[in-house]
Amino acid sequence: MAECGRVDSNTSHTMDKSITLPPDEIFRNLENAKRFAIDIGGSLTKLAYYSTVQHKVAKVRSFDHTAKAAAGDKLYEISMQEEVTARLHFIKFENAYIETCLDFIKDHLVNTETKVIKATGGGAHKFKELIERKLGLKVDKEDEMTCLIKGCNFVLKNIPHEAFVYAKHADSEFRFQTTNPDIFPYLLVNIGSGVSIVKVESEDKFERIGGSSIGGGTFWGLGALLTKTKRFDELLQLASKGQHASVDMLVKDIYGGSYGYLGLTGDLIASSFGKSATADKDFSKEDMAKSLLHMISNDIGQLACLYAKLHNLSRVYFGGFFIRGHPVTMHTITYSINFFTKGEVQALFLRHEGYLGTIGAFLKGAEEDNPNQYSWGENYAGSSGLMSVSPDMNPMQRARSGTFDMLEMDRLERQLVNLPLLQDPSSYIPDTVDLTEDALAREYWLYCFEEALDGVVKRAVASQPDMPEAALRAEKFRQKYRHKLQTLRQQPFAYGSLTVRSLLDTREHCLNEFNFPDPYSKIKQRENDIALKYYQKAVKSLDELSWEEKQFALVQGVLAGNVFDWGAKATDICIFFFIPLSERPWLVDSYDQWLERLKGPPHKCALFFVDNSGVDIILGVMPFVRELLSRGTEVVLASNSGPALNDVTNGELQILTERIAAMDPVIEAGLREDRLLLVQSGSSSPCLDLSRLDKVLAMVVRERQTDLVIIEGMGRAIHTNYYAMLSCESLKMAVIKNSWLADRLGGKLFSVVFKYEVPAGKPNKDCGAFSPS
Amino acid sequence: MDKAKSMVDKKGASGPFHVNNGQSQKVFHSHVMVATNGSCCSSSSNAFGSSTVPSGSGTFENMHHLHRGDDAECSGSPAKRCRLRRRTESVRKHRPPFPWFGMDIGGTLVKLVYFEPVDITAEEEQEEVENLKSIRRYLTSNVAYGKTGVRDVHLELRNLTMCGRTGNLHFIRFPTQAMPRFIQMGRDKNFSSLHTTLCATGGGAYKFENEFRMMADLELLKLDELDCLIRGLLFVDRVGFNGHPECYYFQNPSDTQSCVKKPCTLDNPFPMLLVNIGSGVSILAVYSENNYKRVTGTSLGGGTFLGLCCLLTGCETFEEALEMASKGDSTNVDKLVKDIYGGDYERFGLQGSAVASSFGHMMSKEKRDSISKEDLARATLVTITNNIGSIARMCAVNEKIERVVFVGNFLRINTVSTKLLAYAMDYWSKGQLRALFLEHEGYFGAVGALMELLKTTEDP
């Protein structure tokens, strides 16, 4: 009884055909593009293609030991290499630009392997001939609903914070949902010109269980008749300004008040348009549009609830052009669902709802590449974000300036999964503070990142001294990132919940975008180099301490190393172990429990998420690891797959560990006996999302029966995971190096967080039963 | 209030109940203390303020019984009738004074049922106060009252026995908008002097309660509309429609050629899904006379159909709207599946003739400019009807009820909707559900209210 997202072709409006953005910034990476897909709706076209991106990556390579002298004192060699990665591009634009866009694509398309373009959407047949003529590709139509579902599954699985709840009057209108690894079953209510209600049970199994003919087309068609307003957006605009009570007959119009016996409040609509039958007066366009919007939203909401109830489903996603980014319709649908289910079912919306069809069509065409076997990540640098085009704000303006919306998804080298040790993956939220909801914190952090931008630009330039155009690129980076920050100030919800992590990640994406893959590489190299020289001395002085003193010194070492961060001078290192950390008790202090635990039996296996290069990893973490190994605990060191700030990468850590092993028999034995493992986390972020970790890491964690997780540093243990609940023992260590944050947590600058937790129901029975070895 | 009164005065003449004003007022006053049927009620509010409404179903059974017993003798001679009256003396004692009204004040229409006793004895006639006579004469000798009041003569239930009296039950309706004039008339007629109880249900019973009290010195006995609806419906179904069944359905609903209306009985009515389509829609799951729940409702009802039709076509009445709709073709307005897919949408088993988007064609300016009012009226009717059908069907499935009874004034003279509902229930449920309709569509609430009047006074 419904169609999806199609609208009458006659309704497409004429507007000037100039593209205001330079097209090469829109259709990026066209040279190697292949596997095109297109979804043409009533007013918007969505284009998808797959392409490869060449970008520079920093690689480290250990010097040949025999050639060591020739290389000076450098630990390892850093080189910039070209790497090719896969990227999916999705672009959304007004139908009016189709021709211009197709011409542009034709001119820039070098790759000629592609013969077919997958097409979906109601406009596909209308433009078939045009596409075939312009691009020389055969148009291959795919079923709309199949595409829609495929696209929906893809975004739900691959994009964190894809789904959200809309709450108009809350502090934050968008409340993003944590990604539940198990996305099925769900109900998709697609509100195109009609409504389709689809139950999705698995990747390939879905069924249209119902629908309604009262949908977006009814709002548009009936609205146009009633108000003489032609455009859908303008109708919504009218509706947002109207008062429905002058047109609708409310319960109180019939009862004089509420219908208490049934618990129906007086403001409830008893009869939509009920007053227009009896009152001899003219109704304003705004009021009629509002009444119509309520009528249709309530009706759809009611049907959705009836179907959800019948099929016992609680996750209901709404999509289709009626919803597409329109706060007005999201609000009325949400209201309706709340009313009819009394809050039992939440209406969920999707950030990339408009792209579902084209993503699905693309996936259909790319089945031989098996895109579903990879993990994909949203490239913040190349994606416009939610509401980049906010149709309701000013429809007239929108008609004049061409607006393009983009989404880019990078194929990740590794498949990402949950840490198996999460207590409840479905409720795990990595981030400690949601800046979307916390306006004060948002203000502060946006300011912070803006302030720090100059420094980042300088460092980026300095990291590539022999590249003269680096300054220009760095300037472009500055512009891009500043623009992102400005966008986020206006629309904090653009990429899901705004967090310190997302701000950091966006910065990394923008740096990568302009070929600054690792601005800290040289600094890291120097720091590592210096710190290594003190390793033996540090270990020696630790070994001279009593058992109890040593345990404390080790903890202090990790914390102090973390304070050092980057830019430590050689002379400071001498006093490394004497850094006056804040007095105990610390801000969060469960050291005594930890010490007690150490008196007990050794852990089977510890998973250690490491942080910075240099002093931190070499003089802080490694001695700690050494002690764990000596106790008989296996250790898995998880480090970043790619660079982020001065964090030690897996590549660097391999070399460092090798060098340490050469000096330290304990580490050497650990490596040799496979009791010390270095694995990548799968991330390139200064923060840590335990729900998106390398599959290999997850496998190792499971195989080794990991019973202790150690997380170190502000980014991983404070900004993220501070509240993470694990199913095994965990230790979170960090020094708060930001006075604002320290203040927030009720402490001072350089306050120490030492959080040792044992999950409920797993008391440490053996605690204190063993004497120290 | 004064303002309201003057407004009423001005419009008074065009009111639905315009009875010769000045004269009867005098009569009212002169017979204040005489109660028609001999029972003496000190005041209506006292009589009912303390009475409790029996909740058991026994009352209902009794009435049913009474009715049948009397029916046989009603056709007999006047003498026989007299004997009967003496026999039922004890019942009579607790009979409420005439006139007997039941009233349902909805959002759009007021439904009034009036019991006209036909077994009045000469003695009784003598005792009868003048204004009571005048009311009876006025109501029974006219079929239209003022400009907007109408008596549905074809629905009249003749020779009905209620509470030991035989008479005809009349069905009258007028727009809720005319309520102030109606109340004004009650005041002018000094209706309060009759010591009758005005049993009223529907939202208006609450909304207009104060006006009745202040303007006409009348105390309403307010009754819940759903209670009344179910009670009235079951009663009318039981007594039948002048020897014919009250209930009907459509045979072969999926085939326009052979689709025919067939009478039937609700012998074993429970459980039933009761869909009441007035201005808005209420859907009830009814398990017994006193055990029911409101499953849901929708604001897309008769009021929406008429409201949209008025806005879209400039029509003014339900009759006009339906007349236009009967001539129109909704497929010029609605987009069908085949308009989009060129035929059936097989992937989802949708027929090409199914409506994909109501008013979907109206997104196009050219089509908007050339569409006829009749087509728009038809599309509005079809849209609202299909939607109600769809929600009702889902509720029936959720509640596991196979019998769906549609009532309410939206269905009056509206065979397009009744047939569409019958078709929708049958088609989408693959024959599992059956749509049933009742001849007295929108009057059950008013009948239920009247029964409450008779029931309360039966208590000793």
Side-chain angles (χ1 to χ4, degrees), chain A residues 1-3 6-8 10-11 42 122 143 145-146 192-194 196 208 210 212-218 220-222 224-226 230 232 247-249 251 253-257 259 261-262 268-278 283 288 294-295 298-299 302-303 306-307 309-310 340, chain B residues 106-108 175-177 202-204 206-209 224 226 278-280 294 296 298-304 306-312 333-335 337 340-341 345 347-350 354-368 376 383 386-387 390-391 394-395 397-398:
Chain A
M1 234 200 259
E3 68 185 302
R6 281 165 200 277
V7 275
D8 197 289
N10 295 324
T11 51
D143 175 68
M145 198 51 74
T146 311
S193 41
S196 277
R208 184 186 190 277
S212 166
S213 67
I214 299 184
T218 314
W220 195 343
L222 200 44
L225 286 167
L226 291 172
K230 289 177 209 160
F232 180 72
V247 184
D248 289 342
M249 188 183 283
V251 166
D253 292 321
I254 301 176
Y255 274 82
Y259 183 1
Y261 184 73
L262 287 182
L268 206 67
I269 304 171
S271 174
S272 295
F273 285 90
K275 278 184 191 153
S276 59
T278 48
F283 298 92
M288 287 189 290
H294 275 306
M295 175 180 110
N298 284 338
D299 193 51
Q302 180 172 26
L303 277 173
L306 286 168
Y307 281 102
K309 189 180 164 195
L310 188 64
F340 285 109
Chain B
T108 311
T176 306
Q177 273 184 313
Y206 296 80
K207 187 182 177 183
F208 296 104
E209 183 184 17
D224 179 73
L226 302 182
S279 311
R294 184 178 187 271
T296 188
T298 166
S299 69
L300 282 85
T304 315
L306 186 53
L308 281 175
C309 262
C310 291
L311 292 173
L312 292 172
V333 179
D334 296 340
K335 246 192 211 185
V337 168
I340 300 163
Y341 295 96
Y345 188 10
R347 173 73 180 80
F348 282 141
L350 288 175
V355 184
S357 174
S358 297
F359 286 84
H361 279 315
M362 295 298 97
M363 288 187 278
S364 142
K365 185 167 187 315
E366 294 92 274
K367 291 193 174 155
R368 276 202 301 276
L376 286 173
T383 301
N386 272 336
N387 190 62
S390 173
I391 293 172
M394 283 303 296
C395 290
V397 176
N398 268 338

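These values consider heavy atoms only, across backbone and side chains, with no hydrogens, waters or symmetry-generated copies. Each chain gets a letter, A, B and so on, in the order its sequence line appears, and its residues count up from 1. Just so it is clear, the model here is predicted, and its values are computed rather than measured.
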- Query: Side-chain donor-acceptor pair under 3.5 Å between B:T108 and B:S279, yes or no?
  - Reply: yes

- Message: Counting heavy-atom pairs closer than 4.5 Å to chain A, which one of B:T296, B:T176, B:N386 comes out on top?
- Response: B:T296

- Task: Identify which part of A:M249 has an atom lying under 4.5 Å from any heavy atom of chain B, answering side chain, backbone, both or neither.
- Result: side chain

- Heavy-atom contact with chain A under 4.5 Å, split by part of B:L376: side chain

- Could you check if a side-chain atom of B:L226 sits within less than 4.5 angstrom of a side-chain atom of A:Y259, using non-hydrogen atoms only? yes

- Proximity breakdown for A:A224 and chain B, heavy-atom pairs closer than 4.5 Å: both

- Task: Name the member of B:N398, B:D334, B:L306 that forms the most heavy-atom pairs with chain A at distances under 4.5 Å.
- Result: B:N398

- Query: Does a side-chain heavy-atom distance below 4.5 Å link A:L303 with A:F340?
  - Reply: no

- Task: Report yes if some heavy atom in the side chain of A:Y307 is under 4.5 Å from a heavy atom in the side chain of B:V397; otherwise report no.
- Result: no

- Message: Between A:G210, A:G256, A:G221, A:S271, who has the most heavy-atom pairs with chain B when the cutoff is under 4.5 Å?
- Response: A:S271

- Query: Where is the tightest heavy-atom contact between A:I254 and A:A270, given as atom of each residue plus distance?
  - Reply: CD1-CB, 3.7 Å

- Query: B:S357 side chain to A:G215 main-chain N or O, any donor-acceptor pair under 3.5 Å?
  - Reply: no

- Task: Identify which of B:G202, B:G307, B:S299 forms the greatest number of heavy-atom pairs closer than 4.5 Å to chain A.
- Result: B:S299

- If you tally heavy-atom pairs under 4.5 Å against chain B, which of A:V251, A:L225, A:I269 wins? A:L225

